[in-house]
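Everything below concerns the one structure shown next.
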Amino acid sequence: MASSSSGLTFKLHPLVILNISDHYTRVKSQLHPPPSAHHCAPAAADPFAPPAPAAADPPRVYGCVIGVQRGRTVEIFNSFELLYDPATHSLDRAFLDKKQELYKKVFPNFYVLGWYSTGSDAEESDMHIHKALMDINESPVYVLLNPSINHAQKDLPVTIYESELHVIDGIPQLIFVRASYTIETVEAERISVDHVAHLKPSDGGTAATQLAAHLTGIHSAIKMLNSRVRVLHHYLLAMQKGEIPCENSLLRQVSSLLRRLPAIESGKFQDDFLMEYNDTLLITYLAMLTNCSSTMNELIDKFNTAYDRHSRRGGRTPFV
Amino acid sequence: MGSIENLVTQIQGLSGSIDDIAHLHNILKVADESLHAEPSALSSVLDQVDPAKHSLGYLYFLEAFTSGPVSKEQALTLIPILARFINCCDAQQIRFAPDKFVSVCKRFKDHVLLIESPLRGVSPMRAAVRKLQTTSEHLTTLHPDFLLLCLLSKSYNIGLSVLEDDIFDVDQPRDLFLYCYYGGMICIGQKRFRKALELLHNVVTAPMNAINAIAVEAYKKYILVSLIHYGQFSTSLPKYASSAAQRNLKNFCQPYIELATTYSSGKIAEFKIYVDTNREKYDNDKNLGLVKQVVSSMYKHNIQRLTQTYLTLSLQDIANTVQLGSPKEAEMHVLQMIQDGEIFATINQKDGMVRFLEDPEQYKTCQMIEHIDSSIQRIMTLSRKLNAMDELMSYDPLYLSKVRTCFEILRQVTVVSEGFVSSGWEGATEIRL
């Protein structure tokens with residue numbers, strides 16, 4: 001796919017991504033009821049969790065995206081679902097109009113900017129729907145979410161396509177071209193997305209699992225930081241050895257990053273930091289002591305059950 | 001004679017790999033009798049065999065050679081040979097015949113004591129202990145002998161270094177008594193009273209069928225050290241002490257228990273009178289030095305009690321309350337205690353006032369982090385060991401059989417009660433499990 005040349009900047013809000021994935025997961029779990037109860041619950045909460053094993057082709061879901069277009073910036077705020085009629089290969093128009101009216105009442109600024117679907121790549125039939133929407137918006141956008149999980153891939157599996165008129169074999173045709181986008185969040189959105197991302201299934205109520213989940217999150221964040229730092233380090237080493245040509249702009253960025261650490265360096269900070277560190281260590285120590293005492297207790301119970309003679313008071317099996 | 005020559009060649013030949021040594025061991029076991037028959041003939045043979053490479057063979061020869069009583073002169077010549085052997089023998093080969101090694105070392109210790117220079121024996125014995133141990137947590141039969149030599153030669157530091165290791169494995173449980181007793185004495189010598197209490201406590205509460213002289217002596221020292229360190233002593237032994245100990249120990253240690261009760265009254269003059277009247281008894285047990293330390297510790301504990309009541313106090317008042325002679329003496333005592341870290345205070349010499357402070361430890365230094373970290377590491381190893389023991393216990397057939405019978409009984413009762421319930425018996429609701 002060629003890349004877009006329209007010069008529009010796209011900004012995507014995370015709510016849209018969550019909506020699409022939620023829609024997809026719901027439809028999928030309704031079509032293929034999962035073998036066990038706790039398979040669908042995590043999938044519903046976590047947008048990028050692996051889907052339940054699907055026997056048939058994963059279903060495609062469709063919907064509309066709405067947002068604001070100011071000048072050259074297209075900001076996609078929200079989305080809603082639409083029913084797809086496979087007979088006519090088009091979306092339910094009446095429903096779309098009604099929904100649009102309702103949304104207009106609440107958000108007068110929002111316009112229908114385009115539509116979304118799920119799948120791994122844009123298909124020919126999508127152009128149909130795209131053209132149908134062109135009477136609402138002259139140049140709609142097509143947001144595509146790839147629901148298959150690829151652990152090697154680090155970015156979001158969301159792509160935005162625009163339509164452009166290209167001359168192919170002498171015939172002017174509308175084709176999809178990829179457009180780059182950025183994720184834009186408002187503070188409130190960030191909090192709620194964070195909350196949803198950390199939502200755990202039904203038995204997440206106990207403190208132990210919540211603590212474990214929290215610590216796992218921190219651990220993976222630190223791990224990612226560590227791997228990124230290592231990559232940078234490796235790169236700089238290679239540059240030093242001369243294997244890679246020196247790139248001054250990158251070096252400048254690295255140097256500015258280094259100059260930003262450490263954030264605080266004062267006596268009082270050191271004191272407080274060490275005190276808190278010591279407190280945590282002491283609590284770990286206490287936890288270990290409790291753990292050991294409980295193991296010891298169990299061991300002694302077992303010992304008493306196994307080797308207990310009739311005299312329980314003050315008697316162990318003597319060994320002298 | 002010819003058989004000995006044969007043996008020598010075999011030893012020299014078969015000291016290579018582990019299988020060879022095992023084979024050699026069998027041969028030596030068979031030949032042991034003949035070796036013991038002619039001990040004097042072995043002195044020439046000892047030169048032909050190298051103690052470092054052919055340790056096992058050398059060990060057998062040496063053991064046969066040194067069996068039987070020796071005089072002082074003989075002991076003098078034997079000691080260097082034995083010391084050299086212990087220092088350079090190969091640990092792996094030695095472990096094939098641990099009892100022979102133990103008897104050789106014990107004889108070494110006896111010789112060293114015979115010529116009355118225990119210091120010569122300390123270093124070789126320490127090497128012997130390390131070589132016999134499979135891991136550093138293993139208590140061998142040589143440990144008490146080593147500690148005895150340390151005590152007699154007053155080289156407490158070396159003894160302490162061996163005492164620092166925690167013990168998890170024991171060869172012979174009865175070694176534990178002497179080991180802990182001597183260990184306790186060494187710790188008292190180094191003024192490490194807390195560790196001494198731990199070790200003596202082990203002796204006193206160890207399982208025993210009948211009362212043990214070592215336990216009695218240990219109990220006496222235990223009372224004294226507990227008074228020095230904690231300032232109090234409770235006469236009731238913990239529940240896990242053996243019934244023999246709980247019933248009989250007190251009868252043997254009557255003077256000491258009365259000492260403890262007089263101490264708890266807090267009156268120094270009375271206490272000193274009591275000590276003087278029973279001086280002889282303490283002297284006989286060789287505990288007089290410890291008793292004197294108890295007396296001086298009384299002042300310390302009284303001053304420490306003062307820190308809990310007063311914020312500031314004049315030196316004169318301290319002297320009066322603690323029944324010291326003069327404010328000067330009180331100042332000396334307080335100064336000594338501040339230096340030892342037993343109390344936190346500042347002395348204002350102009351007014352003659354002492355101001356008691358809180359523990360200034362803020363827990364914000366890096367040393368504290370290291371300290372806590374090392375404690376956490378220790379407890380992690382301990383926890384691992386406990387878990388391993390717990391698992392081992394769960395496989396124990398005795399335990400499983402007992403648990404199974406309990407489970408069977410429970411199941412039977414449940415079945416019976418269900419039967420009652422389903423038959424609609426009115427009383428069923430009360431026995432619902």
Side-chain angles (χ1 to χ4, degrees), chain A residues 208 211-212 214-216 218-219 222 226 261-320, chain B residues 170 172-174 176-177 205-212 214-215 237-247 361-373 375-380 382-403 405-406:
Chain A
L211 179 68
H214 174 71
L215 288 177
T216 324
I218 295 188
H219 176 251
I222 296 182
N226 191 20
L261 326 154
I264 319 177
E265 186 78 57
S266 75
K268 180 120 194 344
F269 171 72
Q270 195 76 340
D271 277 350
D272 285 342
F273 174 66
L274 283 176
M275 238 196 307
E276 195 160 326
Y277 193 86
N278 272 325
D279 284 341
T280 324
L281 278 181
L282 277 170
I283 294 183
T284 326
Y285 191 46
L286 186 65
M288 295 222 66
L289 274 174
T290 320
N291 213 1
C292 267
S293 316
S294 115
T295 322
M296 178 82 104
N297 189 31
E298 279 177 26
L299 176 64
I300 297 202
D301 277 341
K302 290 195 177 119
F303 191 84
N304 278 338
T305 339
Y307 294 99
D308 187 18
R309 297 223 187 137
H310 19 270
S311 68
R312 294 210 85 217
R313 185 198 63 87
R316 293 193 286 187
T317 320
F319 53 55
V320 170
Chain B
V170 178
Q172 272 259 21
R174 61 174 68 213
L176 199 67
F177 281 110
T205 56
M208 44 186 150
N209 255 329
I211 201 75
N212 193 323
I214 306 176
L237 285 171
K239 222 166 44 151
Y240 48 82
S242 63
S243 46
Q246 280 182 359
R247 270 178 272 141
E361 178 59 61
Q362 289 277 8
Y363 292 96
K364 41 183 184 179
T365 54
C366 287
Q367 290 94 334
M368 186 49 79
I369 294 184
E370 281 172 25
H371 181 70
I372 301 182
D373 199 43
S375 310
I376 293 183
Q377 297 290 349
R378 264 188 65 206
I379 216 175
M380 270 165 67
L382 194 65
S383 162
R384 249 174 261 146
K385 287 230 181 300
L386 265 181
N387 279 329
M389 276 176 78
D390 195 30
E391 264 189 51
L392 220 77
M393 203 56 170
S394 320
Y395 307 150
D396 193 321
L398 250 171
Y399 168 68
L400 285 173
S401 63
K402 296 249 170 100
V403 162
T405 42
C406 286

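Residue numbers begin at 1 in each chain, while the letters A, B, ... track the order of the sequences. Bear in mind the structure is a predicted one, so any value in this text is a computation, not a measurement.
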Residue pairs fulfilling side-chain hydrogen bond (donor to acceptor under 3.5 Å, both in side chains) with at least one residue in residues 275-295 of chain A, sequence neighbours excluded: none
Part of S401(B) within contact of chain A (heavy atom distance under 4.5 Å): neither
Under 4.5 Å from a heavy atom of chain B, the part of I300(A) involved: neither
Side chain / backbone / both / neither for N387(B) at chain A, heavy atoms under 4.5 Å: both
Heavy-atom pair count under 4.5 Å with chain A, highest-scoring of T365(B), I379(B), L398(B), D396(B): I379(B)
Parallel, tilted or perpendicular: rings of Y307(A) and F303(A) (30°, 60°): tilted
Nearest heavy atoms of Q246(B) and P238(B), plus distance in Å: NE2-O, 3.0 Å
Residue among L274(A), L289(A), L282(A) with most heavy-atom pairs under 4.5 Å to chain B: L274(A)
F273(A) atom CZ, over 12 foreign heavy atoms within 6.0 Å: no
Over 12 foreign heavy atoms within 6.0 Å of CE, M275(A): yes
